[in-house]
Amino acid sequence: MSDVSTTKSMDDIMSLCKRRGFIYQASEIYGGVNGFWDYGPLGAQLKKNLRDAWWQDIVMNPCQGKPGPKGDPVSIVPVDTCIIQNPKVWEASGHVGGFNDPMVDCRETKSRYRADHLFCMGEKGDKSGQIYAFVENNDASFDAALKKLGKYKKKELTKDDIDICPLTDLSVDELAITVGPDAKEVGTLTEPRAFNLMFKTYLGATATEDDIAYLRPETAQGIFINFKNVVDTTRVSVPFGIAQTGKAFRNEVTPRNFTFRSREFEQMEIEFFCHAEEANDWYAFWRDWRMQWWQEIGLAGENLILREHDKDELAHYAKEGAGTSDIEYRFPFTAPGYGELEGIAHRSNYDLNAHQNHPDSNTKLEYLDTTRGELAKNGQPKGERYLPDVIEPSAGLDRGVLAILCEAYTPDPERPSKVFMKFHPRVAPIKAAVFPLVNKDGMPEKAAELHQLLVKKFGHLGKIETDPKQSIGKRYARMDEAGCPFCFTIDGDTLTDGTVTVRDRDTAEQKRIPFDDVVQFVATGLGLT
RNA sequence: GCGGGUGUAGCUCAGUGGUAGAGCGUCACGUUGCCAACGUGAAUGUCGUCGGUUCAAAUCCGAUCACCCGCUCCA
């Protein structure tokens, strides 16, 4: 395998992220806090640029003008919903149940099981003998437990000779005489412990159990609960999408792999609503276009893949739909495997249905589609009421940033910095740099002039750097590590013949262009023309 | 949550019981004419944290926190 990702060291990338101000450990001066990361000056701009690129290509100019499956323009509107919502939102969505799975650990085999997936067996009528646990719906596990029980009892046992009960029904004393699946010793299973993946907080100052609220574990539900508002107040019609970016929070059991699995993270989500008949086409459309988008933003190589989920790994809401695809990136820490950047899920009408049917919501969420239904006497369709299906392209912004950092990291022993960050110009935090060759003879003044010009023109897209100090090579090297695509150098000739040197980050090659062409050069380089 | 590893300057790391170091980076001044040039000078650390052993701890012991790896988990 010749891919570069396996030769890149995550330690080196993390070290550069710290050294150059991309990403810091959160609360570092207090020893850090597990699962949280702060973005430094370059990282914050990089992240904003990625978010802005998404916003531009999803909300402002959906799919860059690419028409949908039927040839119509893609319609998307934005929202910005709260991190804290009525807790009933999370009951309806299934998060309050699903995010509270109790787990059991085995001290002997170091295995962990979902407590509700474990069952145990003992000989009929024997209240004191050892109990043997096995994994639900796992014949091998069941047979092994039965065999161990038989060996313990020193007789052949069959299914008819045993009692079975859920592990969660066992008392502490019974757990102490239980042998775990795959275990040899008795009493190695821990008591079931709840792993609450949602962050809790309390509304109001009294902080009683009645005031519990949750930080959202995904931004999607904020969109679903506003579906009716958007339909009622905006001139949208199905098919259309609602998009938002924002923070979400999950109390991950094991935050790991730099920012890849953080407890606080930012999502970029679209919920695209369409008629069930068209859902499969829209699913394929979004899946392919989102893949193309990540490629265009700089993840063009073989480290990016589109992977269709197997049936057995589909989430509960996706069972009925066309499926789920992941756009995955081969990170240094996952190689040769991949880690998820974005999931495109066909959620059918699971979420709208759940909210409509929650006993306390009491709101009809059905959409009246006036383009469907039988024709009335006047020749107009009578309309059809339905809960739209949903295609959900849900991307992790922090994961996108991390993938871009990993992809951009390019070792190059030939250059002074030994490494440069090959960001796509669109996401590069520093768009251009202007340097006087030396800090005298009118060059700094000329450089300041060009710098101001570029700031005025491109400053809204990212940082325009300038620096009159130290040697030119040192300044180039710094820009290499920051991933600045273009450096313009003012020298003596600039003052006489009106040209500047432009240095290309990726090739380190230099050429002279007229001072007056610099703005156009940058515009072209950033893909603005 | 389990097991293993790591933790010393911004980064990479040396330092195995006796006055905290190096390289690079950063900053200042000078110099400098296209790839971390050079000269001079400077700043930066409760050696992750807390406790213990000791006349004496970066060093030994314990706990704890964070990160990395393997499990586990992952809407």
Side-chain angles (χ1 to χ4, degrees), chain A residues 9-12 14-21 24-37 40 90 93-95 97-99 101 103-114 188 190-191 193-195 197-198 217-218 220-221 248 250-258 260-261 267 269 309 313-318 324 332-333 339-340 343 345 347 350-351 392 394 412 414-420 435-441 443 468-481 487-494 500-503 505 508-512:
Chain A
S9 146
M10 204 56 215
D11 286 346
D12 291 345
M14 289 171 71
S15 146
L16 181 136
C17 283
K18 172 77 191 291
R19 192 168 73 243
R20 284 298 165 198
Y24 310 126
Q25 189 178 14
S27 305
E28 192 181 71
I29 64 169
Y30 289 103
V33 52
N34 197 349
F36 296 88
W37 300 88
W90 312 113
S93 69
H95 287 90
F99 268 39
D101 299 330
M103 308 294 292
V104 171
D105 286 323
C106 177
R107 298 186 192 92
E108 179 189 330
T109 65
K110 310 303 176 197
S111 302
R112 166 174 294 169
Y113 310 92
R114 267 178 64 167
T188 61
T190 63
E191 287 179 61
R193 284 171 290 198
F195 287 80
L197 263 52
M198 277 201 293
E218 63 175 28
Q221 298 304 324
R250 286 181 202 166
N251 219 341
E252 296 288 354
V253 178
T254 312
R256 193 61 75 86
N257 290 332
F258 203 22
F260 183 77
R261 181 172 299 141
Q267 293 185 301
E269 289 201 308
H309 276 208
E313 62 177 319
L314 291 180
H316 59 83
Y317 56 73
T324 298
F333 49 79
E340 179 185 349
R347 294 177 78 116
Y350 178 91
D351 302 274
E392 178 194 72
S394 169
D412 181 359
E414 296 301 309
R415 56 179 86 199
S417 56
K418 307 294 185 224
V419 63
F420 67 106
F435 300 134
L437 182 59
V438 288
N439 196 14
K440 61 180 185 183
D441 299 339
M443 296 179 210
K469 295 183 177 178
Q470 299 178 313
S471 74
I472 191 67
K474 188 172 261 194
R475 286 173 282 169
Y476 286 158
R478 268 198 288 259
M479 287 304 100
D480 274 348
E481 282 198 335
C487 294
F488 300 97
T489 301
I490 308 294
D491 59 18
D493 294 343
T494 307
V500 302
T501 302
V502 51
R503 172 191 184 268
R505 175 197 64 199
E509 279 170 7
Q510 304 188 22
K511 62 179 179 183
R512 297 199 74 88

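All figures in this text were calculated on a predicted structure; none of them were measured in a lab. Basis for what follows: all heavy atoms, side chains included, without hydrogens, waters or symmetry-related copies. Proteins get letters first, then strands, A, B, ... in listed order; numbering begins at 1 in each.
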Participant: Atom CG of A:Asn34 to atom C1' of B:rC67: distance rounded to whole Å?
Facilitator: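 Rounding to the nearest Å, CG of A:Asn34 and C1' of B:rC67 are 9 Å apart.
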Participant: Under the 3.5 Å rule, do the base of B:rC73 and the side chain of A:Arg261 count as making a donor-acceptor pair?
Facilitator: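 Present.
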Participant: What is the nucleic acid contact for A:Phe435, judged by heavy atoms within less than 4.0 Å: base, sugar-phosphate only, or nothing?
Facilitator: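 No contact.
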Participant: Any base atoms under 4.0 Å from A:Gly35, or only sugar-phosphate, or nothing? Heavy atoms, all strands.
Facilitator: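 The residue A:Gly35 makes sugar-phosphate contact but no base contact.
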Participant: Both distances under 3.5 Å, Watson-Crick or G-U wobble: report the partner of B:rG25, or none.
Facilitator: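 Looking at the geometry, B:rG25 pairs with no nucleotide.
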Participant: Work out how far the P atom of B:rU49 is from that of B:rA58, and round it to whole angstrom.
Facilitator: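 Result for the P pair: 11 Å, nearest Å.
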Participant: Can you measure A:Glu340 atom CD to B:rC74 atom P for me and round it to whole angstrom units?
Facilitator: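 Between P of B:rC74 and CD of A:Glu340: 13 Å.
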Participant: Whole-Å distance between B:rC35 P and A:Phe420 CZ?
Facilitator: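 So the CZ-P distance, A:Phe420 to B:rC35, works out to 18 Å.
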Participant: Suppose you measure atom P in B:rG18 against the same atom in B:rC24; what distance do you get, rounded to whole Å?
Facilitator: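 Nearest-Å result for B:rG18 against B:rC24 at atom P: 28 Å.
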Participant: Once salt bridge (charged side-chain N to carboxylate O under 4.0 Å, His left out) is applied, do any residues pair with A:Arg261, and if so which ones, sequence neighbours excluded?
Facilitator: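 Partners of A:Arg261 by the salt bridge (charged side-chain N to carboxylate O under 4.0 Å, His left out) criterion come out as none, since no residue qualifies.
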Participant: Determine whether a donor-acceptor pair (one donor, one acceptor, N or O, separation below 3.5 Å) exists between the side chain of A:Arg256 and the base of B:rC68.
Facilitator: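 Answer no: no donor N or O sits under 3.5 Å from an acceptor.
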Participant: State which residues pass salt bridge (charged side-chain N to carboxylate O under 4.0 Å, His left out) with A:Asp441; sequence neighbours excluded, sorted by chain then number.
Facilitator: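 Per chain and number, A:Asp441 pairs via salt bridge (charged side-chain N to carboxylate O under 4.0 Å, His left out) with no residue.
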Participant: Identify, between A:Gln267 and A:Arg503, the residue whose nearest nucleotide on RNA chain B lies closer to the 5' end.
Facilitator: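 Its nearest nucleotide being more 5', the pick is A:Arg503.
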Participant: What string of B, S and - do you get for nucleotides 38-50 of chain B, 5' to 3', if B is base contact, S is sugar-phosphate-only contact and - is no contact with any protein heavy atom under 4.0 Å?
Facilitator: -------------
Participant: Answer yes or no: side-chain N or O of A:Gln510 and base N or O of B:rC34 forming a donor-acceptor pair under 3.5 Å.
Facilitator: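 By the distance-only test, yes, there is a pair.
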Participant: Between A:Arg475 and A:Pro436 (side chain of the first, backbone of the second, donor and acceptor by atom type, cut-off under 3.5 Å), is there such a pair?
Facilitator: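 Checked: pair present.
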Participant: Any base atoms under 4.0 Å from A:Glu481, or only sugar-phosphate, or nothing? Heavy atoms, all strands.
Facilitator: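 Since a base atom lies under 4.0 Å of A:Glu481, the category is base.
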Participant: Reckon A:Arg475 touches a base, only the sugar-phosphate, or nothing at all at heavy-atom distances under 4.0 Å?
Facilitator: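 No contact at all - A:Arg475 keeps every heavy atom at 4.0 Å or more from the nucleic acid.
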Participant: Tell me, please, which residues at least two apart from A:Lys474 pass salt bridge (charged side-chain N to carboxylate O under 4.0 Å, His left out).
Facilitator: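 Partners of A:Lys474 under the salt bridge (charged side-chain N to carboxylate O under 4.0 Å, His left out) test: none.
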Participant: Taking the side chain of A:Thr501 as its heavy atoms from C-beta onward, which of B:rA36, B:rC34, B:rC67 lies nearest to it?
Facilitator: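 Given the options B:rA36, B:rC34, B:rC67, the side chain of A:Thr501 is closest to B:rC34.
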Participant: Whole Å only: how far is the NZ atom of A:Lys18 from the P atom of B:rG7?
Facilitator: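 For the pair A:Lys18 NZ and B:rG7 P, the rounded distance is 16 Å.
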Participant: Within the 4.0 Å heavy-atom criterion, would you say A:Glu28 contacts the bases, only the backbone, or no part of the nucleic acid?
Facilitator: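 Nothing, no nucleic acid heavy atom in range.
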Participant: Please report the distance, rounded to the nearest Å, between CD in A:Glu218 and P in B:rA75.
Facilitator: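 Going from A:Glu218 (CD) to B:rA75 (P), I get 11 Å.
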Participant: To the nearest angstrom, how far is A:Asp11 atom CG from B:rG5 atom C1'?
Facilitator: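 Computing the A:Asp11:CG to B:rG5:C1' distance gives 12 Å.
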Participant: Report the residue (A:Gly473 or A:Pro255) whose heavy-atom-nearest nucleotide on RNA chain B is the more 5′ of the two.
Facilitator: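 Its nucleotide being nearer the 5' end, the pick is A:Gly473.
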Participant: Any strand is fair game: report the nucleotide pairing with B:rC47 by Watson-Crick or G-U wobble, both distances under 3.5 Å, or none.
Facilitator: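 Across any shown strand, B:rC47 pairs with none.
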Participant: Within the structure shown, what part of the strands sits under 4.0 Å from A:Arg19 by heavy-atom distance: base, sugar-phosphate, or nothing?
Facilitator: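 Sugar-phosphate contact only - A:Arg19 comes under 4.0 Å of backbone atoms but never of a base.
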Participant: In Watson-Crick or G-U wobble terms, both distances under 3.5 Å, what is the partner of B:rU53?
Facilitator: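 When the pairing criteria are applied, nothing turns out to pair with B:rU53, so the answer is none.
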Participant: With rounding to the closest Å, how many angstrom separate the C1' atoms on B:rU31 and B:rA37?
Facilitator: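 Each nucleotide's C1' atom is 10 Å from the other's.
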Participant: Between B:rU12, B:rA75, B:rC68, which nucleotide has the shortest distance from any of its atoms to the side chain of A:His95?
Facilitator: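 In terms of side-chain proximity for A:His95, the closest of B:rU12, B:rA75, B:rC68 is B:rA75.
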Participant: So what's B:rU16 paired with, Watson-Crick or G-U wobble, going by both distances under 3.5 Å?
Facilitator: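 By the stated definition (distances under 3.5 Å), nothing pairs with B:rU16.
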Participant: Which nucleotide, in any strand shown, forms a Watson-Crick or G-U wobble pair with B:rA58, with both distances under 3.5 Å?
Facilitator: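 Base partner found: none.
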Participant: Can you tell me the pairing partner of B:rC34 across any strand shown, Watson-Crick or G-U wobble, with both distances under 3.5 angstrom?
Facilitator: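 By the stated definition (distances under 3.5 Å), nothing pairs with B:rC34.
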Participant: Sticking with atom C1', work out how far B:rU8 lies from B:rU44, rounded to a whole angstrom.
Facilitator: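 So the two C1' atoms sit 14 Å from each other.
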Participant: Classify the side-chain pair A:Asp12/A:Ser15 by whether it contains a donor and acceptor separated by less than 3.5 Å.
Facilitator: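 Per modelled atom types, A:Asp12 and A:Ser15 side chains form no pair under 3.5 Å.
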Participant: Can you tell me, in whole Å, how much space there is between the P of B:rA14 and that of B:rU6?
Facilitator: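 Their P atoms lie roughly 11 Å apart.
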Participant: Paired with B:rU6: which nucleotide, if any, by Watson-Crick or G-U wobble criteria at under 3.5 Å for both distances?
Facilitator: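 The answer is B:rA66, by the H-bond criterion.
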Participant: Can you check the A:Lys418 NZ to B:rG25 P distance for me, whole Å?
Facilitator: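 Whole-Å distance recorded here is 11 Å.
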Participant: Check for a donor-acceptor pair, side chain of A:Glu269 on one end and backbone N or O of A:Ala220 on the other, with a separation under 3.5 Å.
Facilitator: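 Checked: pair present.
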Participant: Do A:Tyr476 and A:Pro416 have side chains that approach each other closer than 4.5 Å (heavy atoms only, starting at C-beta)?
Facilitator: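 Result no, sub-4.5 Å side-chain heavy-atom pair not found.
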Participant: Look at the side chain of A:Tyr476 and the base of B:rC34, then say whether one donor and one acceptor between them are separated by less than 3.5 Å.
Facilitator: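 A donor-acceptor contact between them is present.
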Participant: Ring centroids only, cut at 6.0 angstrom: are A:Phe258 and A:Phe333 within range, meaning strictly under it?
Facilitator: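 No, ring centres 6.0 Å or more apart.
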Participant: Is there a Watson-Crick or G-U wobble partner for B:rG1 with both distances under 3.5 Å, and if so, which one is it?
Facilitator: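 Its partner is B:rC71.
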Participant: When you compare B:rC67 with B:rU40, how far apart are their C1' atoms, in angstrom units rounded to a whole number?
Facilitator: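 Taking atom C1' in both B:rC67 and B:rU40, they lie 40 Å apart.
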Participant: Considering only atom C1', compute the distance from B:rU53 to B:rU59 and round it to an integer number of Å.
Facilitator: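 Comparing C1' positions in B:rU53 and B:rU59 gives a spacing of 13 Å.
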Participant: Sugar-phosphate means primed atoms, P, OP1 and OP2; the rest is base. With that split, encode nucleotides 26-33 of chain B 5' to 3' as B, S or - using protein heavy atoms under 4.0 Å.
Facilitator: SSS---BB
Participant: Among all residues two or more places apart in sequence or in another chain, which pass the side-chain contact (heavy atoms from CB on, under 4.5 Å) test with A:Gln25?
Facilitator: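 If we apply the side-chain contact (heavy atoms from CB on, under 4.5 Å) test to A:Gln25, skipping adjacent residues, the hits are A:Glu28, A:Trp37.
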Participant: Which part of the nucleic acid, if any, lies within contact of A:Tyr30, taking any heavy atom under 4.0 Å across all strands shown: a base, the sugar-phosphate backbone alone, or nothing?
Facilitator: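 Nothing, no heavy atom under 4.0 Å.
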Participant: Indicate, with a heavy-atom threshold strictly under 4.0 Å, whether A:Thr489 touches base, sugar-phosphate, or nothing.
Facilitator: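 Base contact.
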Participant: Once you round it to whole Å, what is the distance between P of B:rU72 and CG of A:Asn257?
Facilitator: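 One finds 15 Å between P of B:rU72 and CG of A:Asn257, rounded.
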Participant: Determine the interatomic distance between P on B:rC60 and the same-named atom on B:rG1; round to the nearest Å.
Facilitator: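 Approximately 28 Å lies between the P atom of B:rC60 and that of B:rG1.
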